[in-house]
Number of protein chains: 2
Amino acid sequence: MKPIPKAVISRLPLYVRHLEDLAAEGVRTVSSGAIARSLGLTDAQVRRDLATFGTFGRPGIGYPVAELGDALRAILGLDRTWQVALVGYGNLGRALLAYGGFPRKAFRIVAVFDTDPAKIGRKAGDLVVEDGRSLAGRVRRLHVPMAILAVPAAAAQEAAWQLVRAGVRGILNFAPVRLEVPDPVVVDNIDFAVSLKQLSFHVRARGGEKMHGSEPRP
Amino acid sequence: MKPIPKAVISRLPLYVRHLEDLAAEGVRTVSSGAIARSLGLTDAQVRRDLATFGTFGRPGIGYPVAELGDALRAILGLDRTWQVALVGYGNLGRALLAYGGFPRKAFRIVAVFDTDPAKIGRKAGDLVVEDGRSLAGRVRRLHVPMAILAVPAAAAQEAAWQLVRAGVRGILNFAPVRLEVPDPVVVDNIDFAVSLKQLSFHVRARGGEKMHGSEPRP
DNA sequence: GAGTGTGAATTCTTTCACAGCG
DNA sequence: CGCTGTGAAAGAATTCACACTC
């Protein structure tokens, strides 16, 4: 099978979400142009991306929403349920546990860890916060393949090593540090500060301070 | 001035953070290779990136940590303080307000909004949650240039329009929707579900389940 | 006509490799 | 030496444009 370009993978989740929205609206079929408009892409790009996985579209008709959605979900591995460990139950950890935006069928948080004695034993949704020291054993026993890391930067690398030793294969890292992990383990980083800084660049670049509710750009 | 490639901009915040770490350790000078190793890049890539902004490096020596950091911060617009409005004070909003990872000098949250009557008037750090209906007026009066949007998906587009009308020029959007905004306004999206889905793809792709005991894929 | 799939052209990004400075 | 800056080459991603299908 072809090797699926990185750029395509980064857009796949967007296609899946949009197709789910369409399906929920009862739409049966959609064109590359319509998808492109909704997602801020071009029609050609959408067609190229989707052609990576096979021939789904029908000329003059478009793409079958349900079928294409299923196919893309399968490719992303969303046709199963991933057990996820949440490491770190501070403000962010709590927000993530309560976050409604995760596809509930595909991802389920099955354990929560923290090292703060004041937090251990407290309820966390329908789970209980467990001692971070038991992380390795618990994660291995539960065969948890993925973890969300929401601990302070200083604790992140150590936690990552424990997760790796416990057999975790993917880490969604919210700590603002580059994690070192052995080769087969995948890390995806979400760094709020990085995103804010990029935003500040773009805002500044767009004609600076002079305007506030006013004029356009040449 | 040259137009600064997108790819470079996306890495700039990482350079800045790393240079700040180095400065805090008292390092005066650093080579492209060393930066590359810390950030998971190649030395050539680092040199190319940094050469975009001028000639900072000295052959045989490397780059001056403090000076380069200052220059990059200035390019990102981090040499000033950005007032930021936080829209949405649910779990995520609370986590973001309390989040310690933002550069405190560069970004300051100056107002918090929510539409839930139960939240309005409650303390939020050293601020008070304000009525979402007063958002437009308050944001315009304060000349807030950037906003963090942490409201449910269904409310995001409406909130974005209000922000835009109030003169906001950049939005960091946590809602899982594509916001439509007029041209001069910049949106940066952080979508947890998107990141998790990408992770699931990569984990699945790396030799599947055999490694520790989950089920296989046909 | 509406809308796909795809070679070919274009643009963007990364890597190579090396001349030349400190 | 060690290390930068940069032309030139290679590799990716995007866009164009068009033959072809419903």
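Convention: sequence-line order gives letters A, B, ...; per-chain numbering from 1.
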### Message
Is there a side-chain contact between A/Tyr63 and the phosphate of C/dA2, meaning an N or O under 4.0 Å from OP1 or OP2?
### Response
no

### Query
Of the nucleotides C/dG22, D/dT15, C/dT6, which one has an atom closest to the side chain of B/Ile61?
C/dG22

### Message
Between A/Gln157 and A/Glu180 (side chain of the first, backbone of the second, donor and acceptor by atom type, cut-off under 3.5 Å), is there such a pair?
### Response
yes

### Message
Rounding to an integer number of Å, can you tell me how far A/Lys6 NZ sits from D/dG11 C1'?
### Response
13 Å

### Task
Indicate, with yes or no, if the rings of B/Phe113 and B/Tyr89 have centres closer together than 6.0 Å.
no

### Summary
Rounded to whole Å, CG of B/Leu41 lies from P of C/dT13 at a distance of 15 Å

### Query
Does C/dG7 have OP1 or OP2 sitting under 4.0 Å from an N or O in the side chain of A/Arg47?
no

### Atom-pair distance (CZ on B/Arg11; C1' on C/dT13), nearest Å
8 Å

### Query
Okay, side chain of B/Thr55, backbone of B/Ala51: is any donor-acceptor separation there less than 3.5 Å?
no

### Message
Could you check whether atom CZ of A/Arg178 has more than 12 heavy atoms from other residues, nucleotides or ligands sitting under 6.0 Å from it?
### Response
no

### Query
In terms of the nearest nucleotide of DNA chain D, which residue is placed more toward the 5' end: A/Gln45 or B/Asp43?
B/Asp43

#### Entry: Length of the line joining B/Asp49:CG and D/dC3:C1', which is rounded to integer Å
17 Å

### Query
What is the distance from CZ of A/Phe53 to P of C/dT6, rounded to the nearest Å?
14 Å

### Query
Any donor-acceptor pair under 3.5 Å joining the side chain of B/Arg48 to the base of D/dG7?
yes

#### Entry: Whole-Å gap separating P (C/dT14) and CG (B/Leu50)
13 Å

### Message
Reading DNA chain D from 5' onward, which residue's closest nucleotide shows up sooner: A/Pro59 or B/Thr55?
### Response
B/Thr55

### Query
Rounding to a whole Å, what distance do you find between A/Arg58:CZ and C/dT4:P?
12 Å

### Query
Under a 4.0 Å N-O cut-off, is there an ion pair linking A/Asp43 with A/Arg37?
no

### Task
Determine: side-chain N/O of B/Ser32 to OP1/OP2 of D/dC3, distance under 4.0 Å, yes or no.
no

